[in-house]
Trainee: 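Here it is: the structure, laid out below.
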There are 2 protein chains.
Amino acid sequence: MNISNKVLGRLTRYRALLTEYFPKEKTHIFSHELAAMMGLSASQIRRDLMCLGYYGVPRYGYEISELVKYINEILDASKLHHVAIVGAGNLGRALMTFLESRRATLKIVAAFDEDPSKSNRMINGVPCHSMDAAEEILRREDIRIAILCVPGSEAQRVTDRLVRAGVKGIMNFAPVPIRIPVGVALEEIDVTSALERVAFFTNNRANAPKERRHADR
Amino acid sequence: MNISNKVLGRLTRYRALLTEYFPKEKTHIFSHELAAMMGLSASQIRRDLMCLGYYGVPRYGYEISELVKYINEILDASKLHHVAIVGAGNLGRALMTFLESRRATLKIVAAFDEDPSKSNRMINGVPCHSMDAAEEILRREDIRIAILCVPGSEAQRVTDRLVRAGVKGIMNFAPVPIRIPVGVALEEIDVTSALERVAFFTNNRANAPKERRHADR
DNA sequence: CCAATGACGTGAACAAATTCACAACGTTCC
DNA sequence: GGAACGTTGTGAATTTGTTCACGTCATTGG
């Protein structure tokens, strides 16, 4: 079966919840319990888990350690990915520490910035280089994933450089959409847009929808 | 017509693109031009714009200033929203400057943190208070929107406090889902999950989909 | 003035995502 | 051992989102 982006996103969150924020003594979980924690419907949980090839048992639920194992397998969590942060402004630097040791398989190994005062030194434990060195270091360190935290006006230009240097996945925090060739994965995180959506539903006129939760029956 | 979240998100991005990253001398734009910039199909752009009640003219396209005016109207951009950042760690502090003056109608007026060394002083131009003062200040400053940047273990507890204090919209950066009562808007931004999705498609096995682009015919 | 153009608006088709509803089946209890 | 229970897995229905395809219309050029 083909796993959609949306399912993928939820699977990663199930895993995070189960491995990091779930009482260690519990060994099993029901779809409706996970649903309650995630704010989703139980049937959606079950649908998502169907993709894994792991099956729960009625009246017992899903064995947590097995579940995590199967999710890891789908996500191919054995591979270590080298990640670069491009743009060491406030946001870039914050992400260095935020992402530090969050996932063992995602390791931030370099940062780049055009500002000379930021390059050629460690920042938050990450070696920061000049943009000029980007191509060489991306290849040398085998970096395939980049987190883009440059100003909107630079975003497309920098993206093109990264792609030429062999980057295969980009998470874009710049407030403009970027274009990428097919074969490169893209995740756009537009914080301003998200905040505006929240503000919209906060207006009296609109009665906020969002993340419904449902009992199974 | 009811505007869906997805459409809403795209509208905010159209506006950002048109007002901030588009040559000032151009007064009109075609659906296919906007589509190319956004990485979407032209027909989707036209569908989205249908919601606005503003109509372009064939062969001329859409008048940019009008378009922006109508989007503003839908988003009710006249209202000023006070926003609080909860959790003044690296990420919270970065968002203070990142969101500074990005949208005139979204103003960060306060921050809160449990760490006493961070409270009762200005950080990045934002007055930062102790969490104990949250309820009082949220009401006094009429803050209805909060950006949650606390550790996952604190997220739900802090959320409950915010909601009790009258917050109507939350943008959650904590790496766990939070539950909110109906009537409160929620936007979850899970950076780790997004990065994992990118990593997934960067693996050789999967051939990355994402943001297709299409000509109209 | 009229035909050709090329973009718009939109009904209809299509696709994706979610929910419903229920059969199947371990488990528990009597 | 057998009936009752409660949860799973999944086909079908529904809802939501996207694309197609074409009629319409303002403009341009002959």
Side-chain angles (χ1 to χ4, degrees), chain A residues 1-14 26-64 66-67 70-71 177 188 197 201 208-217, chain B residues 1-14 26-64 66-67 70-71 177 188 197 209-217:
Chain A
M1 183 197 303
N2 248 1
I3 296 189
S4 75
N5 254 314
K6 287 199 144 184
V7 172
L8 207 59
R10 287 195 297 264
L11 288 177
T12 62
R13 313 195 71 207
Y14 300 158
K26 290 206 63 168
T27 60
H28 291 256
I29 189 170
F30 295 131
S31 60
H32 62 84
E33 293 179 288
L34 192 49
M37 286 193 290
M38 291 284 305
L40 302 170
S41 72
S43 59
Q44 179 156 59
I45 302 279
R46 294 203 298 274
R47 270 270 179 244
D48 289 346
L49 298 190
M50 272 177 65
C51 304
L52 296 180
Y54 164 69
Y55 295 94
V57 329
R59 269 214 92 151
Y60 240 74
Y62 303 88
E63 189 178 338
I64 293 172
E66 284 295 297
L67 201 47
Y70 276 79
I71 295 178
E188 307 245 17
R197 282 200 305 277
F201 288 113
K210 248 326 20 198
E211 313 282 313
R212 272 82 43 79
R213 57 200 58 79
H214 272 286
D216 206 4
R217 85 204 57 231
Chain B
M1 184 197 303
N2 248 2
I3 295 187
S4 75
N5 253 316
K6 286 199 145 184
V7 172
L8 206 59
R10 287 194 296 265
L11 288 177
T12 63
R13 312 194 72 206
Y14 301 158
K26 292 208 64 171
T27 60
H28 292 256
I29 189 168
F30 296 129
S31 61
H32 62 82
E33 292 179 288
L34 192 48
M37 285 194 289
M38 290 286 304
L40 301 170
S41 72
S43 57
Q44 178 155 61
I45 302 279
R46 294 202 299 274
R47 271 270 179 240
D48 288 347
L49 299 190
M50 274 177 64
C51 304
L52 297 181
Y54 164 70
Y55 295 93
V57 329
R59 267 215 93 156
Y60 241 74
Y62 303 87
E63 190 179 337
I64 293 172
E66 285 295 297
L67 201 47
Y70 277 79
I71 296 178
E188 307 245 17
R197 277 194 314 271
K210 242 342 7 206
E211 315 283 312
R212 272 79 46 78
R213 56 198 60 78
H214 271 286
D216 205 3
R217 84 202 51 237

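The shown structure was predicted, so the numbers you read here are calculated from the model rather than taken from an experiment. Residue numbers begin at 1 in each chain, while the letters A, B, ... track the order of the sequences.
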Trainee: In whole angstrom, what separates B:H32's NE2 from C:dG9's P?
Mentor: 13 Å
Trainee: What is the distance, rounded to the nearest whole Å, between atom NE2 of A:H28 and atom P of C:dT27?
Mentor: 10 Å
Trainee: Tabulate protein N/O versus nucleotide N/O from nucleotides 3-5 of chain D, keeping only pairs under 3.5 Å, one per line.
Mentor:
{"residue": "D:dC5", "atom": "O2", "partner": "A:R59", "partner atom": "NH1", "Å": "3.1"}

Trainee: Between C:dT19 atom C1' and A:R10 atom CZ, what is the distance in whole Å?
Mentor: 12 Å
Trainee: With side chain to side chain contact (heavy atoms under 4.5 Å, CB included) as the criterion, how do A:Q44 and A:M38 come out once you've worked through the C-alpha distance, each side chain's angles and the decisive distance to 0.1 Å?
Mentor: CA-CA 11 Å; A:Q44 179 156 59; A:M38 291 284 305; over 6 Å; no
Trainee: What integer distance in Å separates A:L52:CG from D:dG9:P?
Mentor: 10 Å
Trainee: Given atom CD1 of A:I3 and atom P of C:dA17, what is their separation to the nearest angstrom?
Mentor: 12 Å
Trainee: Report yes if at least one side-chain N or O of A:R46 is closer than 4.0 Å to OP1 or OP2 of C:dC22; otherwise report no.
Mentor: no
Trainee: Side-chain N or O of B:S41 less than 4.0 angstrom from OP1 or OP2 on D:dT19?
Mentor: yes
Trainee: Taking the nucleotide of DNA chain D with the nearest heavy atom to each, does A:Y55 or B:K6 sit closer to the 5' end?
Mentor: A:Y55
Trainee: Search all heavy atoms of A:G9 against all heavy atoms of B:R197 and return the closest pair with its distance.
Mentor: CA-NH1, 3.5 Å
Trainee: Describe, as an angle rounded to 10 degrees, how the axis at the first end of the helix from C:dC1-D:dG30 to C:dC30-D:dG1 is tilted relative to the axis at the last end, five pairs per end.
Mentor: 0°
Trainee: Are any protein N/O atoms closer than 3.5 Å to N/O atoms in nucleotides 12-16 of chain C? If there are, list each pair with its distance.
Mentor:
{"residue": "C:dA12", "atom": "N6", "partner": "B:R47", "partner atom": "NH2", "Å": "2.7"}

Trainee: For D:dG9, does OP1 or OP2 lie under 4.0 Å from any side-chain N or O of A:Y62?
Mentor: yes
Trainee: Please confirm whether the shortest side-chain N or O distance from A:S31 to OP1 or OP2 of D:dT8 is below 4.0 Å.
Mentor: yes
Trainee: Determine the minimum heavy-atom distance between B:S31 and B:I45, stating which atoms define it.
Mentor: O-CG1, 3.9 Å
Trainee: Just the rounded figure in Å: distance from C1' of D:dT15 to CD of A:Q44.
Mentor: 13 Å
Trainee: Could I get the full list of side chain to side chain donor-acceptor pair (under 3.5 Å) partners for A:K6, not counting sequence neighbours?
Mentor: none
Trainee: If I take atom CZ in residue B:F30 and atom P in nucleotide D:dT27, what distance separates them, rounded to the nearest angstrom?
Mentor: 12 Å
Trainee: Which pairs pass salt bridge (Lys or Arg N to Asp or Glu O under 4.0 Å) with one or both residues in residues 27-44 of chain B, sequence neighbours excluded?
Mentor: B:K26-B:E33
Trainee: What is the separation between atom CG on B:L49 and atom C1' on C:dT10, rounded to the nearest whole Å?
Mentor: 14 Å
Trainee: Under 3.5 Å, sequence neighbours excluded: what are the donor-acceptor pairs made by side chains of residues 48-61 of chain A?
Mentor:
{"residue": "A:D48", "atom": "OD1", "partner": "A:R10", "partner atom": "NH2", "Å": "3.0"}
{"residue": "A:D48", "atom": "OD2", "partner": "A:R10", "partner atom": "NE", "Å": "2.6"}
{"residue": "A:D48", "atom": "OD2", "partner": "A:R10", "partner atom": "NH2", "Å": "3.4"}
{"residue": "A:D48", "atom": "OD2", "partner": "A:Y14", "partner atom": "OH", "Å": "2.6"}
{"residue": "A:Y54", "atom": "OH", "partner": "A:E63", "partner atom": "N", "Å": "2.9"}

Trainee: With rounding to the nearest 0.5 Å, note down the distance linking CG in A:L67 to CG in A:L34.
Mentor: 7.5 Å
Trainee: Which nucleotide in the set D:dT10, C:dT27, D:dT27 lies at the smallest distance from any side-chain heavy atom of B:Y60?
Mentor: D:dT27
